[in-house]
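Just the heavy atoms: all of them, side chains too, but no hydrogens, waters or symmetry mates, feed the values below. Quick caveat, the model's predicted, so the values are computed rather than measured.
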Amino acid sequence: QVQLVESGGGLVQPGGSLRLSCAASGSIFSIYAMGWYRQAPGKQREMVATITEDDNTNYADSVKGRFTISRDNAKKTVYLQMNSLKPEDTAVYYCNADVSSWRTPLQRFNYWGQGTQVTVSS
């Protein structure tokens, strides 16, 4: 089984910064694309940023220039550095990853973390 565990959320003032982390654990053979998504109250979950195993990145227009996604393959961890935070960034942030396990190394499965709350408010 594979688990994704996020950390780093919290309350921050507008203009502030936070760094989210998501560590993958379990019987992992390989990790492919990883990403961050968010869901605000009453809204659908949306993509924030993604990163491929080749470090190609993609960002939602609303966060370009403010957020940076990165990964450390040795630590099986993906990060989201969030700068110049705005109240509209308030949401539960979820980590997502495509992973293959030692049990089925040629099959990729998609996993979600449990989410971490980010609140931007003065």
Novice: So, do Gln13 and Leu85 sit near enough that their side-chain heavy atoms are less than 4.5 Å apart?
Specialist: no
Novice: According to a 4.5 Å side-chain heavy-atom criterion applied to Ile, Leu, Val, Met, Phe, Trp and Tyr, with indirect links allowed, do Phe29 and Val99 form part of one hydrophobic cluster?
Specialist: no
Novice: Run the side chain to side chain contact (heavy atoms under 4.5 Å, CB included) test on Met34 and Thr50 for me, step by step, so that the C-alpha distance in whole Å, both residues' side-chain angles and the decisive distance to 0.1 Å come before the verdict.
Specialist: CA-CA 6 Å; Met34 304 183 82; Thr50 61; over 6 Å; no
Novice: Does Val92 share a hydrophobic cluster with Tyr111, counting links as ILVMFWY side-chain heavy atoms below 4.5 Å and allowing steps through other members?
Specialist: no
Novice: Do the non-hydrogen side-chain atoms of Phe109 and Ser101 ever get within less than 4.5 Å of each other?
Specialist: no
Novice: Can you find a pair of side-chain heavy atoms, one from Leu4 and one from Trp112, that are under 4.5 Å apart?
Specialist: no
Novice: Give a yes-or-no answer on whether the side chains of Tyr37 and Arg45 include a donor-acceptor pair shorter than 3.5 Å.
Specialist: no
Novice: If we only count heavy atoms from C-beta on, is the Ile28 to Lys76 side-chain gap below 4.5 Å?
Specialist: yes
Novice: Give a yes-or-no answer on whether the side chains of Asn110 and Arg108 include a donor-acceptor pair shorter than 3.5 Å.
Specialist: no
Novice: Asn83 and Ser17: side-chain donor and acceptor closer than 3.5 Å?
Specialist: yes
Novice: Can a cation-pi geometry be assigned to Arg38 and Tyr94, taking NZ or CZ under 6.0 Å from the six-membered ring centre and within 45° of the ring axis?
Specialist: no
Novice: Could you check whether any side-chain heavy atom of Leu80 comes within less than 4.5 Å of a side-chain heavy atom of Tyr93, counting everything from C-beta outward?
Specialist: yes
Novice: Do Val5 and Tyr79 sit in the same hydrophobic cluster, where Ile, Leu, Val, Met, Phe, Trp and Tyr count as joined when their side-chain heavy atoms come under 4.5 Å apart?
Specialist: no
Novice: How about Thr90 and Glu88: does a side-chain donor come under 3.5 Å of a side-chain acceptor?
Specialist: no
Novice: Can we say Asp89 and Lys86 salt-bridge, meaning some charged N sits less than 4.0 Å from an Asp/Glu carboxylate O?
Specialist: no
Novice: Between Val118 and Met82, is there a side-chain heavy-atom distance shorter than 4.5 Å?
Specialist: yes
Novice: Same cluster for Ile31 and Val78 if Ile/Leu/Val/Met/Phe/Trp/Tyr side chains link at under 4.5 Å?
Specialist: yes
